[in-house]
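One structure below.
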Amino acid sequence: MSYVVLPSSPAPMIIEPQQIDYGGVLSPPLGGTDQRVNRNGNRWALRIQMPLMEEPEAGLWVGALTRGQRYGVRLPLIQADVNIGIPGSPLVNGSGQAGDTLNIKGMASGYDLVAGQWFNHVSGGFNYLYKIALPGKAIGLGTVTATIEPPLRAETTDNEVLEFEEPVIEGLLVGQGQGWTIDAAIHTGLSFTIRERR
């Protein structure tokens, strides 16, 4: 799918992550213990609130979102609360991985994975978005087992790229897609929600 790449400036003012959860809680109708049922396919949606903009920035955003309603969008993620540092050249370490851990190689030795840090697993031409769930540190030749959320959605192949420096969310505009307001001073405010397709 050919996504519309959203402008990189200005950066979003507010990003509200929402984990799309396909599991649920089963409550017995006659009492007893509740049970959590987990299902594969959990993914991310981000609700984005942009700062007020003037032309030409506002027009670029409105045009990209309007086109993105049909084609889907890709948005680079700003991680102001995380010191990304220099992660090296991280790759998937081993084929056929599944679950909520991911073996990684090629990181800079001593690199710290920060809980809450975003990254992409690039597989089959798609950027799958994940968060680091627990801190970790690359050792030796840059290997680490990362604990992630949600669990892996695509079967891994050895040496697939992992993008830590410039992760993106790519997916469809959902709900009302996008909306904007124009005030008397000709400032434009935008809000929209992107949901991963897979």
Side-chain angles (χ1 to χ4, degrees), residues 1-6 8 15-24 36-48 68 71-79 81-174 193-198:
M1 183 170 187
S2 180
Y3 291 98
V4 174
V5 178
L6 296 177
S8 58
I15 298 177
E16 296 177 2
Q18 303 166 350
Q19 191 173 22
I20 308 302
D21 181 13
Y22 291 100
R36 168 71 192 182
V37 177
N38 294 312
R39 295 187 176 93
N40 293 331
N42 291 0
R43 62 196 74 172
W44 292 102
L46 300 182
R47 184 178 179 281
I48 309 293
Y71 292 101
V73 295
R74 178 181 293 138
L75 176 70
L77 295 177
I78 304 299
Q79 301 188 80
D81 56 341
V82 175
N83 178 11
I84 302 300
I86 302 172
S89 301
L91 302 171
V92 170
N93 188 9
S95 298
Q97 297 182 60
D100 62 4
T101 59
L102 177 63
N103 294 320
I104 301 173
K105 62 185 175 183
M107 300 204 90
S109 185
Y111 183 80
D112 289 313
L113 296 176
V114 178
Q117 178 178 3
W118 295 107
F119 75 98
N120 291 125
H121 168 213
V122 183
S123 179
F126 292 94
N127 287 286
Y128 295 87
L129 184 62
Y130 296 96
K131 261 189 181 292
I132 298 296
L134 297 172
K137 183 183 285 288
I139 59 172
L141 298 175
T143 61
V144 62
T145 298
T147 303
I148 64 172
E149 283 296 333
L152 288 164
R153 288 164 278 159
E155 186 174 327
T156 62
T157 300
D158 194 42
N159 293 323
E160 286 178 318
V161 171
L162 301 171
E163 179 56 63
F164 279 82
E165 288 189 75
E166 297 179 353
V168 300
I169 184 170
E170 60 184 26
L172 303 176
L173 294 168
V174 296
T193 299
I194 305 171
R195 177 172 162 155
E196 288 187 281
R197 290 182 62 230
R198 51 173 70 207

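Atom CG of N159 is separated from atom OG of S89 by 11.5 Å, given to the nearest 0.5 angstrom. For the atom pair OG1 of T101 and CG of L134, the computed distance is 11.0 Å after rounding to the nearest 0.5 Å. For the atom pair CD1 of I104 and CG of N93, the computed distance is 9.0 Å after rounding to the nearest 0.5 Å. With rounding to the nearest 0.5 angstrom, the CG atom of N103 is 8.5 Å from the OG1 atom of T156. Note that CD of E149 and CG of L129 are 12.5 Å apart. Values are rounded to the nearest 0.5 Å. Atoms CD1 and CG, on I48 and L75 in that order, are 5.5 Å from each other to the nearest 0.5 Å.
Proximity of N120 to V168: side-chain heavy atoms (C-beta onward) are separated by under 4.5 Å at one or more points. In this structure, V114 and N83 have side chains that are not in contact, with every pair of non-hydrogen atoms separated by 4.5 Å or more. L162 is listed as a side-chain neighbour of V92, based on a closest heavy-atom distance under 4.5 Å. Looking at L173 and I194, their side chains come closer than 4.5 Å, going by heavy atoms from C-beta outward. L102 has its side chain out of reach of T145: every pair of non-hydrogen atoms, C-beta onward, lies at least 4.5 Å apart. Inter-residue side-chain proximity for P87 and F119 is flagged as unmet; no heavy-atom pair is nearer than 4.5 Å.
Counting non-hydrogen atoms of neighbouring residues, nucleotides and ligands closer than 6.0 angstrom, the CD1 atom of I20 exceeds 12 such neighbours. Heavy atoms of other residues, nucleotides or ligands lying less than 6.0 angstrom from CG of N40 number 12 at most. Remark: E166 CD is loosely packed, at most 12 non-hydrogen atoms of other residues, nucleotides or ligands lying under 6.0 Å away.
Looking at Q79, its side chain never comes within 3.5 Å of a backbone N or O of Q117 through a donor-acceptor pair. With E165 contributing its side chain and P167 its backbone, the two residues share no donor-acceptor pair below 3.5 Å. Proximity of a side-chain donor or acceptor of Y111 to a complementary backbone N or O of I84 within less than 3.5 Å is detected. A donor-acceptor contact shorter than 3.5 Å links the side chain of S95 to the backbone of D158.
Of all heavy-atom pairs spanning I139 and S109, the tightest one is C-OG, 4.2 Å. The shortest non-hydrogen separation linking E160 to S123 is OE2-OG, 2.9 Å. Minimum heavy-atom separation, I86 to A108: O-CB, 3.4 Å. Here the shortest heavy-atom pairing between L46 and P17 reads CD2-CA, 3.5 Å.
A cation-pi arrangement, defined by a distance under 6.0 Å to the six-membered ring centre and an angle within 45 degrees of its axis, is present between R153 and Y130. Remark: R197 fails to qualify as a cation-pi partner of F126 under the 6.0 Å distance and 45° angle criteria applied to the six-membered ring.
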> Do H121 and I148 pass the side-chain contact (heavy atoms from CB on, under 4.5 Å) test, and can you show the C-alpha distance, the side-chain angles, and the key distance before you say yes or no?
Replying inline: CA-CA 11 Å; H121 168 213; I148 64 172; over 6 Å; no

>> Run the side-chain contact (heavy atoms from CB on, under 4.5 Å) test on W44 and Q19 for me, step by step, so that the C-alpha distance in whole Å, both residues' side-chain angles and the decisive distance to 0.1 Å come before the verdict.
In response: CA-CA 5 Å; W44 292 102; Q19 191 173 22; 3.8 Å; yes

>> Assess the residue pair W118 and I169 against the criterion (side-chain contact (heavy atoms from CB on, under 4.5 Å)); give the C-alpha distance rounded to whole Å, side-chain angles, the decisive distance to 0.1 Å, and a yes or no.
In response: CA-CA 10 Å; W118 295 107; I169 184 170; over 6 Å; no

>> Applying side-chain contact (heavy atoms from CB on, under 4.5 Å) to R195 and L172, what does each step give before you reach the verdict?
In response: CA-CA 5 Å; R195 177 172 162 155; L172 303 176; 5.7 Å; no

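Residues satisfying the side-chain hydrogen bond (donor to acceptor under 3.5 Å, both in side chains) criterion with R47, sequence neighbours excluded, are absent altogether. With sequence neighbours excluded, no residue forms a side-chain hydrogen bond (donor to acceptor under 3.5 Å, both in side chains) with K131.
When E196, R74, R198 are each tested for a side-chain contact (heavy atoms from CB on, under 4.5 Å) with E170, only one passes: R74.
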